[in-house]
Amino acid sequence: MTAIAFTAMAILSCSEDTNNIGTSLTQTTDELKISTGIYQATSNSILADSVYARNFDCYFGMVKDPETDTYVRNEFMTQFNVIEGMAMPDEEQIISLIDGEVVADSCEIWFYFDKANCYGDSLTPMKIRLMELERPMDSEAIYYSNYDPEHEGYIRSEGIKKDLVFTLANLTYPDSLRRTSNYGDIGRVTLNGSYKDKNGKEYSNYGSYILRNYYDHQEYFKNSYSFVHNLCPGFYFKHLDGLGVMAKMARIELRIYFRYKPYSDENKTLYTVLTLASTPEVLQTVKVTNEKAGLERLVKDENCTYLKSPSGIFTEVTLPVDEIMEDHNVDYLLSVNMSFQRLNSLDPNNKYNFPAPSTILLLPKDSLTYFFEHEKSYDYKRSYVATLSKNNYTFTNLGDLISSMYYDKELGEIYDPEWKKKHPDWNKVVLVPIVTPTFTTSTVNNTSVTSTSTPISHQIGLTSTQLVGGKNSPIEIKVIYAEFF
C-alpha cells in the first residue's frame with residue numbers, strides 16, 4: 001500500500017486525471033479506485049501555562065521577549081550521578097589528610113555552556129546562586145515548569161548558598177583552563193569553605209564531606225539512588241541578576257580534588273579528581289517564569305497562530321474528521337497531508353528575535369499530558385514530528401490519526417449519544433515545540449547497538465514563530481482515497 005500511495009501521489013502531481021490510476025497500479029481482477037479531496041482545518045493559539053519539567057536540557061538566565069516586551073527566566077535543579085562499581089584508591093593511599101582523616105584539597109562545581117545554543121551577549125554579566133537541597137526531589141513525582149523548589153521548602157536552610165557573578169565568555173580564565181573543556185566556555189563555583197552536615201559534623205569543605213563518607217559508608221555510593229538519598233540531594237541554580245542572556249548548560253560536574261600514592265611507587269604523588277556529573281540517569285527539573293500578560297495578547301491575535309517556548313504558546317488545530325470520512329468510511333486513506341507555513345517576523349533584522357523551533361510535535365490534544373508525563377515517543381499513527389523546511393512544517397500520512405479519531409467517535413456514540421459533547425477535544429490536535437531524543441551507540445559482541453538516551457521533551461530554550469492560520473486563514477488538508485473493487 002505504501003508503494004501504491006507513492007505512485008499515486010506522483011501521478012496526481014503530474015495530472016488531474018485520475019480515471020485510469022487504479023487499473024495502471026493493479027491487476028484488472030483487483031482494481032483500485034483512486035479519488036481525492038481537499039478539506040479545511042481551523043487553528044488558534046492556546047496558552048501553554050506550564051509544561052512537564054523533567055528535562056534533559058537545562059537553560060539558565062533571563063531575557064526580554066521582543067514580541068511581548070515581557071521577561072522570561074529559566075532556573076533549574078540538578079542531581080549528580082554515581083556510576084555503579086566506581087573505584088577509588090584505598091584509604092591508606094590517600095595523602096590529603098588533616099589530623100589523620102581524609103580530606104579534599106579542593107571542591108568545585110563546574111558548568112559547561114553549549115555555546116551554539118546560548119542567546120545574548122557572551123560578555124553580559126549574570127549572577128547565580130547555588131543552593132543545596134534539604135532532601136532529594138522525588139524521582140517518581142511529576143513536576144511542571146511552574147514548580148518552585150525554594151517555595152516548596154526543598155532548600156536546606158543551613159546548607160550551601162554560594163553566589164557567583166560570571167559571563168559566558170569568562171575571559172578572566174586563562175586559555176589553558178578554557179581549552180580543557182570539550183564544550184567551550186565554563187563557569188566554576190568553589191565549595192572550599194568549611195561545611196557542616198545535617199548531623200552537625202564539620203568538614204574542611206564539601207569535597208571532604210563526600211570523600212570522608214565514601215570511606216566510612218561505601219554503601220552510599222552503591223548507585224545514584226543511594227548517593228542522592230543519603231549524601232547529596234542535589235543543588236538548585238537560582239537566577240539573581242543579569243538581563244539579556246539565556247545559557248544552555250551542556251554539562252554540570254561536581255569535582256573533588258585530592259592526592260594519593262600509588263602502590264607501584266610510594267615515593268610518587270598523584271593528583272587526581274573525582275568527577276560526578278549530572279546525566280539522564282538522575283533527576284533534573286526546570287523552573288520557567290514567563291509573564292502571562294504578554295503571551296495572552298498574542299493568543300488573542302486571530303490573524304495567525306503562534307508557537308513559543310519555553311512554556312509559552314501552542315497551536316491548536318481542529319481537524320475536519322467527519323467531512324474527510326463522509327462517504328469514505330470503507331475507503332483506505334492513502335495520503336493525508338497538512339502543511340503549516342511559517343510567517344516571517346515583522347522585524348526580520350532584529351538580532352534579538354528568538355529563533356523558530358526546528359522541530360514540532362503534532363498529537364491529539366487530549367493525549368498531551370499523558371504523552372510527556374509517560375515519556376512516550378512519536379509513532380506516526382497518533383503522534384507525528386515535523387522539522388522546519390523551506391519555511392514550512394509539513395505532516396504527511398495523517399490517515400491513521402484521522403481514522404482512529406473517527407472510529408473512536410463512532411464507537412463512543414454507540415454507547416452514549418452525548419459522547420461528542422462530553423469529549424469536545426475529540427478531533428483536536430496541538431502543535432508543540434520539542435527536543436527530539438538523543439541516541440547513544442555502543443558495541444555489544446562486535447555489533448553496534450543504538451539506544452535512546454533521552455526521551456522527547458518540551459523545548460525549554462527560547463523559540464518563537466508565527467504560523468499561517470487563525471480565524472480567517474484555514475489550513476488545507478489534502479487527501480487521497482483508495483477503494484478496492
Side-chain angles (χ1 to χ4, degrees), residues 54-58 60 76-91 93-94 96 102-114 128 130-139 149 154-156 159-162 164 177 180-183 186-193 195 197-198 203-237 249-260 270-285 440 453-454:
R54 178 161 186 167
N55 218 290
F56 303 98
D57 284 335
C58 291
F60 182 87
F76 66 94
M77 183 283 306
T78 189
Q79 297 171 346
F80 294 102
N81 183 34
V82 168
I83 299 174
E84 294 188 30
M86 63 172 283
M88 290 276 286
D90 292 338
E91 186 172 0
Q93 292 179 269
I94 305 296
S96 296
V102 172
V103 297
D105 296 323
S106 181
C107 181
E108 298 173 327
I109 289 182
W110 287 36
F111 38 98
Y112 302 85
F113 308 122
D114 182 351
I128 189 173
L130 181 75
M131 297 187 289
E132 182 187 3
L133 298 188
E134 172 72 26
R135 61 190 186 279
M137 296 177 72
D138 186 356
S139 60
Y154 274 90
I155 306 303
R156 184 184 170 204
I160 293 172
K161 291 183 179 66
K162 192 70 180 288
L164 175 69
L177 176 60
T180 64
S181 167
N182 293 324
Y183 304 95
I186 59 174
R188 296 186 299 168
V189 178
T190 58
L191 305 179
N192 289 332
Y195 176 78
D197 68 13
K198 296 177 183 178
Y203 300 85
S204 59
N205 57 43
Y206 189 75
S208 299
Y209 162 71
I210 299 294
L211 288 182
R212 186 67 261 161
N213 275 276
Y214 175 84
Y215 292 108
D216 292 345
H217 300 281
Q218 290 197 17
E219 68 274 14
Y220 293 171
F221 292 78
K222 180 175 63 175
N223 51 43
S224 294
Y225 182 90
S226 296
F227 180 73
V228 167
H229 284 78
N230 290 293
L231 205 58
C232 179
F235 290 87
Y236 184 60
F237 289 71
M249 302 296 184
R251 182 177 171 90
I252 306 164
E253 295 177 349
L254 174 63
R255 291 181 158 221
I256 302 166
Y257 301 86
F258 62 96
R259 292 159 293 139
Y260 73 99
L270 296 180
Y271 295 82
T272 191
V273 56
L274 169 63
T275 301
L276 307 175
S278 59
T279 67
E281 287 76 19
V282 292
L283 181 63
Q284 292 183 139
T285 64
T440 57
S453 59
T454 62

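Side chains are part of it too, since the values below use all heavy atoms of this structure and drop only hydrogens, waters and symmetry mates. It should be emphasised that the depicted structure is a prediction, and the values quoted were computed from it without experimental measurement.
Within 6.0 Å of atom OH in Tyr225, 12 or fewer heavy atoms from other residues, nucleotides or ligands are found, so the atom counts as exposed in its surroundings. A 6.0 Å sphere centred on CD1 of Ile83 holds no more than 12 heavy atoms belonging to other residues, nucleotides or ligands. Sparse packing is recorded around NZ of Lys222, with 12 or fewer heavy atoms of other residues, nucleotides or ligands lying under 6.0 Å away.
In this structure, Gln79 and Val282 approach most closely via the heavy-atom pair O-CG2, 3.5 Å. Asn205 and Cys107 get closest at one heavy-atom pair: OD1-CB, 4.4 Å. Residues Val103 and Phe258 approach most closely at O-CB, 4.1 Å, considering heavy atoms. The two residues Phe113 and Gly187 make their nearest non-hydrogen contact at CE1-N, 4.0 Å. Residues Cys232 and Tyr206 share a closest heavy-atom pair of SG-OH, 3.2 Å. In plain terms, the two heavy atoms of Gly207 and Ala104 that are nearest each other are C-CB, 3.5 Å.
Atom OH in Tyr214 sits 10.5 Å away from atom CD in Glu91 (nearest 0.5 Å). Within the model, atoms CG of Asn81 and CG of Leu283 stand 12.0 Å from one another, a figure rounded to the nearest 0.5 Å. Between the CG atom of Asn230 and the CD atom of Glu219 there is a distance of 7.5 Å, given to the nearest 0.5 Å. Note: Thr190 OG1 to Glu108 CD = 6.5 Å, rounded to the nearest 0.5 Å. Put simply, OG on Ser226 and CD on Gln218 are 12.5 Å apart, with the number rounded to the nearest 0.5 Å. Taken to the nearest 0.5 Å, the OG1 atom of Thr279 stands 8.0 Å off from the CZ atom of Arg251.
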For side-chain contact (heavy atoms from CB on, under 4.5 Å), just list the numbers for Leu191 and Leu130, CA-CA rounded to whole Å, side-chain angles, deciding distance to a tenth of an Å, and then say yes or no. CA-CA 10 Å; Leu191 305 179; Leu130 181 75; 4.1 Å; yes
Using the side-chain contact (heavy atoms from CB on, under 4.5 Å) rule, take Val82 and Asn223 through it: C-alpha gap first, then chi angles, then the decisive distance, then the call. CA-CA 6 Å; Val82 168; Asn223 51 43; over 6 Å; no
Would Gln284 and Phe76 count as a side-chain contact (heavy atoms from CB on, under 4.5 Å) if you check the C-alpha gap in whole Å, the side-chain angles of each, and the deciding distance to 0.1 Å? CA-CA 7 Å; Gln284 292 183 139; Phe76 66 94; 5.6 Å; no
Should Met249 and Thr78 be marked as a side-chain contact (heavy atoms from CB on, under 4.5 Å) after you check the CA-CA gap, both sets of side-chain angles, and the distance that decides it? CA-CA 11 Å; Met249 302 296 184; Thr78 189; over 6 Å; no
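Exactly one of Met77, Arg135, Glu132, Met131 qualifies for a side-chain contact (heavy atoms from CB on, under 4.5 Å) with Tyr154. That residue is Arg135.
In this structure, Tyr195 and Tyr203 have tilted ring planes: the angle between them lies in the 30° to 60° band. Aromatic ring orientation, Phe227 versus Phe221: tilted (interplanar angle from 30° to 60°). The aromatic rings of Tyr112 and Trp110 are tilted relative to each other, their planes meeting at an angle between 30° and 60°.
Looking at Arg188 and Glu253, no side-chain N of the basic residue comes within less than 4.0 Å of a carboxylate O on the acidic one, giving no salt bridge.
No close placement of the Phe111 and Phe235 rings is indicated, their centers lying 6.0 Å or farther apart.
Between the side chain of Tyr209 and the main chain of Leu231, a donor-acceptor pair closer than 3.5 Å is present. A donor-acceptor pair under 3.5 Å links the side-chain atoms of Lys161 to the main chain of Arg156, judged by distance alone. For His217 (side chain) and Asn213 (main-chain N/O), no donor-acceptor pair under 3.5 Å exists by modelled atom type. Here the side chain of Thr275 pairs no donor or acceptor atom with the backbone of Arg255 at under 3.5 angstrom. For the pair Asp105 (side chain) and Ser96 (backbone), a donor-acceptor distance under 3.5 Å is absent. A donor-acceptor distance shorter than 3.5 angstrom exists from the side chain of Lys198 to the backbone of Glu134, with no hydrogens or angles considered.
Side-chain contact check for Leu211 versus Met88: some heavy-atom pair is nearer than 4.5 Å. Using a 4.5 Å heavy-atom threshold, the side chains of Leu274 and Met86 count as touching.
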